[in-house]
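Let me begin by presenting the structure, written as structure tokens, before commenting on it.
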There are 2 protein chains.
Amino acid sequence: MSSGTPRRADALRNRRLALDAATALLAEPGTPLTVETIARRAGLGAATVVRTFGGKDALLDAAVSGLLAPVVQRARDLLAETAPGEALGLFLRELIAFQAAHHSASDQWGGLDMPATSALRGDLARLMEEMVEGAQRDGAVRTDIDPAVATSLIGRTALAIARTQPPSPQLIDAYLAVLLRGLRPPT
Amino acid sequence: MSSGTPRRADALRNRRLALDAATALLAEPGTPLTVETIARRAGLGAATVVRTFGGKDALLDAAVSGLLAPVVQRARDLLAETAPGEALGLFLRELIAFQAAHHSASDQWGGLDMPATSALRGDLARLMEEMVEGAQRDGAVRTDIDPAVATSLIGRTALAIARTQPPSPQLIDAYLAVLLRGLRPPT
DNA sequence: GATTATGTGGAAGGCGCGTTTCACTTGTCA
DNA sequence: TGACAAGTGAAACGCGCCTTCCACATAATC
């Protein structure tokens, strides 16, 4: 078999081991992130790791989307429960912290085909755009900028901030303050 | 021989051809940017292209730093001739335009060893920090943010802006306006 | 024009990495 | 417990890529 969920208990456990190993490596800068590395970390053979997922791409897709899913859910919750202007600031801080923790290996899976991850990124972009629109209605963000443009800027700036070497909370705050100040409507 | 300037006229001409081909490919998204590709573009054999520079890394180092050098010089000129606050805005627009034109292949030479390019990037960072410090003295940038921090934010944001798919001048202006507004001192 | 140092490039080498093979092991189920 | 399907992993394979070889070409020099 290639991809479907394994039928045997040990195979299912190995699937978890492989996924956990890949996930762990995503947060470790400097590690090669090869099938061999993941397999060794999981205590499995390289063939097993790849086979249970149907390929390296699918394995990393599962690992990355597994990390991203809670972030997207958090955005959904904030959007539903909090005032948009406030939600945006809150969420951005969390998003940056998340990206700072996981951007290190992002250039290693940048060129891979990861449908689940792509879908989540789309969801996230849509949710953030809703936050921006809400913030504009609330008067927390100036309205002379297109929501899609603002969202793109925010997302990219967040990533830029996250790439700062030691992203201390103070530094993140300083960056975010500049960004949000630039977005605020003229008093 | 490996790296030193060739003694024969045809070899010197081929060196130019290889450098020009590499430089041209740096602005072409989607092209593999392999030694083979560069060689075919230059009308030379792969061995020749690599040998005259001493390796692929050295060739791309020469190409990238050749593109970057004028940008650094421009920063130096602006810093010497223009009011810092104005220089910052002017230079950022040009920097973003440059990065937008050349970022496409940057993930293909991101992991390479390129000393000349690294040195120029250091120079650029230092010059930008001087601009920020000057802008702070002029009252164009708020002083409650560390110059190094502001410079890092500006540099990374500029790169983030440049990565926008079709970086139209209007989009760049909108982005820059947000960034500079966020940096302006409170009125 | 002859001689020689210099340069060329197709082919072969070597390396890293993802994937596949296949003899072997191990859960599972009657 | 016995038999079989399911799963494993070391080794082999394939592929892309940079680099090196070496027989051949050619600019420079006398």
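Naming: A, B, ... by sequence-line order, numbering from 1 per chain.
- What you find for Leu26(A) and Val64(A) is that their closest heavy atoms are CD1-CG2, 3.7 Å.
- With sequence neighbours left out, Arg181(B) forms a side chain to side chain donor-acceptor pair (under 3.5 Å) with no residue at all.
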Base versus backbone protein contacts along nucleotides 18-23 of chain D [heavy-atom cut-off under 4.0 Å; B, S, -]: SSBB--

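- More than 12 heavy atoms of other residues, nucleotides or ligands sit less than 6.0 Å from atom CZ of Arg76(B).
- Between Asn14(A) and dT8(D), a side-chain N or O to OP1/OP2 separation shorter than 4.0 Å is present.
- In this structure, Phe53(A) places its CZ atom 12 Å from P of dT8(D), rounding to the nearest Å.
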Base versus backbone protein contacts along nucleotides 25-30 of chain D [heavy-atom cut-off under 4.0 Å; B, S, -]: -BSS--

Side-chain donor/acceptor pairs under 3.5 Å, residues 66-74 of chain B, sequence neighbours excluded:
residue, atom, partner, partner atom, Å
Gln73(B), NE2, Asp77(B), OD1, 3.0
Arg74(B), NE, Glu94(B), OE1, 2.8
Arg74(B), NE, Glu94(B), OE2, 3.1
Arg74(B), NH2, Glu94(B), OE2, 2.8

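- Of the two residues near DNA chain C, Leu12(B) and Pro32(A), the one whose nearest nucleotide lies more 5' is Leu12(B).
- A close approach under 4.0 Å does not occur between any side-chain nitrogen or oxygen of Thr48(B) and OP1 or OP2 of dG7(C).
- Taking atom CD1 of residue Ile38(A) and atom C1' of nucleotide dT19(C), one finds them 14 Å apart after rounding to whole Å.
- Here the closest heavy-atom approach between residue Leu33(B) and residue Gln108(B) is recorded as CB-OE1, 3.2 Å.
- Among residues two or more places apart in sequence or in another chain, the salt bridge (charged side-chain N to carboxylate O under 4.0 Å, His left out) test is passed with Asp107(A) by none.
- Side-chain atoms of Ser152(B) and Tyr175(A) include a donor-acceptor pair closer than 3.5 Å.
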Only pairs under 3.5 Å count here: list side-chain donor-acceptor contacts from residues 131-138 of chain B, not counting sequence neighbours, and write none if there are none.
residue, atom, partner, partner atom, Å
Gln136(B), NE2, Arg142(B), O, 3.1
Gln136(B), NE2, Ile145(B), O, 2.9

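- Taking atom CG of Leu25(B) as the reference point, atom P of dC17(D) lies 13 Å away to the nearest angstrom.
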